[in-house]
Asker: 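Got a structure for you, written out below as structure tokens; questions coming shortly.
Only heavy atoms go into these numbers, but all of them, side chains included; no hydrogens, no water, no symmetry mates. Source: prediction; values computed, not measured.
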Amino acid sequence: MTTTAPRDEQLWSRCDGCASLLYRKRLRRNLDVCPECGSHARLDAPDRVAQLADPDSFVPLPDRAVRVDPIEFVDELPYPHRLGAARAATGLDEAVLCGTARLGGHPVALAVMDFRFLGGSLGCAVGELITRTAERALADGIPLVLVTASGGARMQEGALSLMQMATVSQALAGMREAGLLTVSVVTDPTYGGVAASFATNTDLVLAESGARLGFAGPRVIRQVTGATLPEGFQTAEYLLRHGQVDMVVPRHALRGRLAALLAAAEAGRRAPENPPAPRPPVTAPTATPRPDRDPWETVRTARHPGRPTTLDYLETAFDGFVELHGDRLGADCPAVVGGIARLDGRPVMVIGHQKGHTTAELVTRNFGMASPAGHRKALRLMRLAARLRLPVVTLVDTPGADPGVSAEQQGQAAAIAENILALTVLPTPVVAVVTGEGGSGGALALAVADRVLMLEHAVYSVISPEGCAAILWPDSSAAPQAARALRLTGADLCRLGVVDELVPEPRPAAHADPGGAAELLRRAVAANLAPLLTVPPATLVRRRRQRFRRFGAARSAAGPSPATPSGDRAEVA
């Protein structure tokens with residue numbers, strides 16, 4: 001917002017976004033967000049702390065910024081003169097305000113940058129203060145929230161300012177090793193060395209609406225490359241579409257969103273030392289396998305467009321879902337959704353394939369076929385869950401991984417392989433549910449679990465019946481015959497030991513009563529998750545490996561083989 005008088009004296013401000021003339025008190029009540037166009041004005045560090053921290057809870061760190069002039073830099077003015085002018089203009093010692101606070105009742109260490117102070121540049125003193133804040137968080141065992149606003153490293157301190165990128169990152173590494181949550185809140189603008197270090201290497205990256213983030217600024221890019229930049233380039237919304245941030249949050253929702261994330265992290269750390277009072281055992285009805293049902297009919301039911309999707313279950317079987325986006329490498333695959341939710345009051349990480357109900361939704365979500373970016377997003381969330389000691393629940397519903405050219409170019413096979421490997425060693429409980437189609441490696445990438453459940457009318461197979469028929473029969477019209485031969489129904493997979501439990505569906509199937517299906521799924525997941533919560537991580541991993549080890553040739557040789565095409569038998573041999 002453009003102003004012409006000191007803040008205490010001014011009555012009106014002009015919005016930089018829409019040029020509206022706004023009554024200052026009204027603007028302040030709206031958290032300095034223009035009520036006409038939604039443009040977010042920049043906040044100074046004290047105002048940001050006041051908006052985020054619980055009243056009267058912020059305690060500044062006792063450490064004061066050390067005055068440094070390591071290379072005796074002089075441009076039009078000696079560097080110490082510029083520092084003095086910045087201190088006088090802002091009332092701050094440096095470009096960051098650090099301390100401890102409570103946010104939504106949760107203890108947190110807080111470091112808030114201030115762009116007014118030499119463009120929020122990262123110098124030795126700023127790096128030292130943020131590092132000490134991280135060290136305080138580590139010592140107290142509390143999360144760290146960083147609010148960034150910076151033009152980059154401070155040129156007046158030469159290479160020593162560059163070193164702060166590594167110094168602060170090392171402090172964050174210590175937080176990560178201890179399983180403590182780190183969150184970056186990117187505000188406008190965040191560029192250069194700050195963007196390329198602690199603004200983006202935290203566990204979660206939230207961007208305030210309208211914020212801009214990048215390594216090189218638009219002017220530099222245009223000067224160096226001569227390129228015409230895409231519309232909205234480097235804005236929060238652009239970054240969300242390209243997988244660089246977990247979410248974009250308007251200012252009025254930022255405090256609540258942070259509080260929800262802090263609550264999940266606190267519950268995850270508290271659970272091992274202070275388990276909640278035992279609840280009555282959760283009982284979940286199990287479906288009786290129906291070997292007489294035609295497998296091809298089950299395939300058709302599993303693909304029904306009205307069948308509940310992952311987002312449907314997140315809305316009904318779980319509570320308080322906070323979606324996290326992006327693989328941090330350049331894309332946010334819409335075929336995979338994931339984030340933190342609550343199951344019977346307990347925070348869990350939920351990851352699942354997302355199809356949709358209409359043709360437009362199915363196309364947008366690529367029919368639930370994950371790209372490498374989708375698998376890498378899932379991998380990032382799995383690893384985050386392990387660090388925060390949150391159980392993982394996966395909901396599998398995909399015809400298979402994306403088979404397109406771009407997916408192959410981006411390393412589809414390696415992405416699936418990495419997920420399978422990560423789940424094999426993940427030191428937190430994992431419960432997988434095949435809710436519709438469990439197709440090939442794309443399904444297994446989310447289904448290496450301690451307990452594998454399957455809805456009554458779901459299917460799980462090495463290949464689709466159509467694909468199998470096209471390869472081993474004269475043509476794909478033999479798909480019904482292939483469906484029978486593949487043993488892909490719950491009855492067969494329970495008998496083979498691939499699936500641990502069948503979850504019943506309302507009659508005639510889940511699409512007829514999505515709410516009832518969600519309740520049955522909730523009860524089944526809760527019942528299977530509960531006994532895993534007290535198992536030591538090393539034991540979980542060992543048992544998970546043993547579970548999948550039993551599918552070797554010695555075990556498979558004892559299984560049934562009728563109606564299996566001869567080619568499969570030869571391959572096993």
Asker: For His375 and Gln412, which I'm curious about, is there any donor-acceptor pair between the side chains at under 3.5 Å?
Answerer: yes
Asker: With side chain to side chain contact (heavy atoms under 4.5 Å, CB included) as the criterion, how do Leu329 and Arg376 come out once you've worked through the C-alpha distance, each side chain's angles and the decisive distance to 0.1 Å?
Answerer: CA-CA 9 Å; Leu329 295 176; Arg376 289 169 183 142; 3.9 Å; yes
Asker: Side chains of Gln354 and Thr309: any donor to acceptor distance under 3.5 Å?
Answerer: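 There is such a pair between these side chains.
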Asker: State whether the side chain of Ser197 and the backbone N or O of Ser169 hold a donor-acceptor pair below 3.5 Å, judged by distance alone.
Answerer: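 Not a single qualifying donor-acceptor pair exists.
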Asker: For the NE2 atom of His353 and the CG atom of Leu311, what is their distance to the nearest 0.5 Å?
Answerer: 13.0 Å
Asker: Would you say the side chain of Val145 lies within less than 4.5 Å of the side chain of Val185, judging by non-hydrogen atoms?
Answerer: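 Yes - at least one pair of side-chain heavy atoms lies under 4.5 Å apart.
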Asker: Going by atom types alone, do Tyr238 and Gln244 pair a side-chain donor with an acceptor below 3.5 Å?
Answerer: no
Asker: For Glu128 and Arg132, run salt bridge (Lys or Arg N to Asp or Glu O under 4.0 Å): C-alpha distance rounded to whole Å, both residues' side-chain angles, the deciding distance at 0.1 Å, then the answer.
Answerer: CA-CA 6 Å; Glu128 180 70 17; Arg132 290 186 184 182; 2.6 Å; yes
Asker: Tell me if a side-chain donor or acceptor on Asp114 pairs with a main-chain N or O of Val96 at a distance below 3.5 Å.
Answerer: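 Not a single qualifying donor-acceptor pair exists.
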Asker: Stepwise, does the side chain to side chain contact (heavy atoms under 4.5 Å, CB included) test hold for Leu390 with Ile340?
Answerer: CA-CA 9 Å; Leu390 300 179; Ile340 297 173; 4.3 Å; yes
Asker: Donor-acceptor check, side chain of His40 to backbone of Arg251, threshold 3.5 angstrom: yes or no?
Answerer: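 It does hold such a pair.
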Asker: Hey, are Ser371 and Asp402 close enough side-chain-wise for a donor-acceptor pair under 3.5 Å?
Answerer: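 Note: Asp402 and Ser371 side chains miss the donor-acceptor criterion.
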Asker: Taking only Lys NZ, Arg NE, NH1 and NH2, and the carboxylate oxygens of Asp or Glu, determine whether Arg241 and Glu237 approach each other closer than 4.0 Å.
Answerer: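 Looking at Arg241 and Glu237, the cut-off is not met.
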Asker: Short question: side chain of Arg102, backbone of Gly105 - any donor-acceptor pair under 3.5 Å?
Answerer: yes
Asker: Would you say CD of Glu315 has more than 12 non-hydrogen atoms from neighbouring residues, nucleotides or ligands within 6.0 angstrom?
Answerer: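 Result for CD/Glu315: open.
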Asker: Do Leu110 and Thr133 have side chains that approach each other closer than 4.5 Å (heavy atoms only, starting at C-beta)?
Answerer: no
Asker: Between Asp450 and Val431, is there a donor-acceptor pair closer than 3.5 Å when you use the side chain of the first and the backbone of the second?
Answerer: no
Asker: Taking side chain as C-beta onward, heavy atoms only, is Met349 less than 4.5 Å from Ile351?
Answerer: yes
Asker: Can you tell whether the side chains of Glu36 and Arg26 come within less than 4.0 Å, N to carboxylate O?
Answerer: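 Salt bridge present between Glu36 and Arg26.
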Asker: Quick check: closest heavy atoms across Thr131 and Ala171, and the distance to 0.1 Å?
Answerer: CG2-CB, 4.0 Å
Asker: Could you grab the distance from atom CG of Leu129 to atom CE of Met113, nearest 0.5 Å is fine?
Answerer: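 One gets 10.5 Å once the value is rounded to the nearest 0.5 Å.
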Asker: Given 3.5 Å as the limit, does a donor-acceptor pair link the side chain of Arg212 with the main chain of Thr187, or not?
Answerer: no
Asker: Arg257 vs Glu208, test: salt bridge (Lys or Arg N to Asp or Glu O under 4.0 Å). Steps then yes/no.
Answerer: CA-CA 11 Å; Arg257 194 62 54 87; Glu208 187 174 70; over 6 Å; no
Asker: Salt-bridge test for Arg380 and Asp327: reply yes if a basic N is under 4.0 Å from a carboxylate O, no otherwise.
Answerer: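 Salt bridge between Arg380 and Asp327, a charged N being under 4.0 Å from a carboxylate O: no.
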Asker: Would you sort out whether Val249 and Leu254 count as a side chain to side chain contact (heavy atoms under 4.5 Å, CB included), showing the intermediate values?
Answerer: CA-CA 6 Å; Val249 187; Leu254 186 56; 4.2 Å; yes
Asker: Closer than 3.5 angstrom, by distance alone: can the side chain of His511 be matched with the main-chain N or O of Arg307 as a donor-acceptor pair?
Answerer: no
Asker: Is there a side-chain contact between Leu206 and Val183 in this structure, where contact means two heavy atoms from C-beta onward sitting under 4.5 Å apart?
Answerer: yes
Asker: Side chain of Glu408, backbone of Val405: donor and acceptor closer than 3.5 Å?
Answerer: no
Asker: Would you sort out whether Tyr460 and Glu437 count as a side-chain hydrogen bond (donor to acceptor under 3.5 Å, both in side chains), showing the intermediate values?
Answerer: CA-CA 6 Å; Tyr460 191 10; Glu437 289 184 275; over 6 Å; no
Asker: Determine whether more than 12 heavy atoms belonging to other residues, nucleotides or ligands lie under 6.0 Å from atom CZ of Phe548.
Answerer: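 Atom CZ in Phe548 is crowded, with more than 12 foreign heavy atoms closer than 6.0 Å.
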Asker: What is the minimum heavy-atom distance between Ala317 and Leu343, and which atoms define it?
Answerer: O-CD1, 3.9 Å
Asker: Just checking, any donor-acceptor pair under 3.5 angstrom between side chains of His357 and Asp312?
Answerer: yes
Asker: Ser150 versus Tyr191: any side-chain heavy-atom pair under 4.5 Å?
Answerer: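 Side chain of Ser150 against side chain of Tyr191, heavy atoms only: no contact under 4.5 Å found.
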Asker: A side-chain contact here means heavy atoms from C-beta on lying under 4.5 Å apart; do Tyr313 and Val350 qualify?
Answerer: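 A side-chain contact is absent here, since even the closest heavy-atom pair is not under 4.5 Å.
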Asker: Apply the test side chain to side chain contact (heavy atoms under 4.5 Å, CB included) to residues Val430 and Val448: give CA-CA distance (whole Å), side-chain angles for both, the deciding distance (0.1 Å), then the verdict.
Answerer: CA-CA 8 Å; Val430 183; Val448 179; over 6 Å; no
Asker: For the atom pair CG (Leu324) and NZ (Lys377), what is the distance rounded to the nearest 0.5 Å?
Answerer: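 Nearest 0.5 Å value for the CG-NZ distance: 9.0 Å.
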Asker: State, to 0.1 Å, how close Pro107 and Glu266 come at their nearest heavy-atom pair, and which atoms those are.
Answerer: CD-OE1, 3.9 Å
Asker: Check whether any side-chain heavy atom of Leu204 sits under 4.5 Å from a side-chain heavy atom of Ser184, and report yes or no.
Answerer: no
Asker: Identify the heavy atoms of Ala378 and Val336 that sit nearest to each other, and give their distance.
Answerer: CB-CG1, 4.4 Å
Asker: With no hydrogens and no angle check, do the side chains of Arg154 and Ser121 hold a donor and an acceptor under 3.5 Å apart?
Answerer: yes
Asker: Do we see a donor-acceptor contact under 3.5 Å between the side chains of Thr190 and Thr148?
Answerer: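 Thr148 and Thr190 do have a side-chain donor-acceptor pair below 3.5 Å.
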Asker: Could you tell me whether Arg328 and Asp246 make a salt bridge, using a distance below 4.0 angstrom between a side-chain N and a carboxylate O?
Answerer: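 Between Asp246 and Arg328 there is a salt bridge, with a charged N closer than 4.0 Å to a carboxylate O.
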Asker: Compute whether any side-chain donor of one residue and acceptor of the other, for Asp332 and His325, lie under 3.5 angstrom apart.
Answerer: yes
Asker: If you measure from OG1 on Thr235 to CG on Asp188, what distance do you get to the nearest 0.5 Å?
Answerer: 10.0 Å
Asker: For residues Thr90 and Arg116, report the shortest heavy-atom separation together with the two atoms involved.
Answerer: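 Scanning both residues completely, I find the closest heavy atoms to be O-NH2, 3.6 Å.
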Asker: Do any N or O atoms from the side chain of Arg255 and from the backbone of Leu52 form a donor-acceptor pair under 3.5 angstrom?
Answerer: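 Side chain of Arg255 to backbone of Leu52: a pair is present.
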Asker: Would you compute the distance between atom CD1 of Ile416 and atom CG of Leu379 and round it to the nearest 0.5 angstrom?
Answerer: 12.5 Å
Asker: Could I get the full list of side chain to side chain contact (heavy atoms under 4.5 Å, CB included) partners for Leu229, not counting sequence neighbours?
Answerer: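 Expected list: Pro218, Ile221, Arg222, Phe233.
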Asker: Any sub-3.5 Å donor-acceptor pair from Thr435's side-chain atoms to Val396's backbone N or O?
Answerer: yes
Asker: For the residue pair Ala195 and Leu213, what are the closest heavy atoms and their distance?
Answerer: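 Minimum heavy-atom contact is CB-CD1, 3.5 Å.
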Asker: Passes salt bridge (Lys or Arg N to Asp or Glu O under 4.0 Å), Asp47 versus Arg28? Steps please.
Answerer: CA-CA 10 Å; Asp47 283 346; Arg28 295 294 289 171; 3.2 Å; yes
Asker: Measuring from atom OG1 of Thr424 to atom CD1 of Ile420, what distance do you get when rounded to the nearest 0.5 angstrom?
Answerer: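 Thr424 atom OG1 to Ile420 atom CD1 measures 7.5 Å (nearest 0.5 Å).
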Asker: So Asp397 and Lys355, do their side chains get closer than 4.5 Å, heavy atoms only?
Answerer: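 Result yes, sub-4.5 Å side-chain heavy-atom pair found.
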Asker: Does the distance from a Lys or Arg side-chain N to an Asp or Glu carboxylate O, for Arg48 and Asp44, drop under 4.0 Å?
Answerer: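 Salt bridge flag = no for Asp44 with Arg48.
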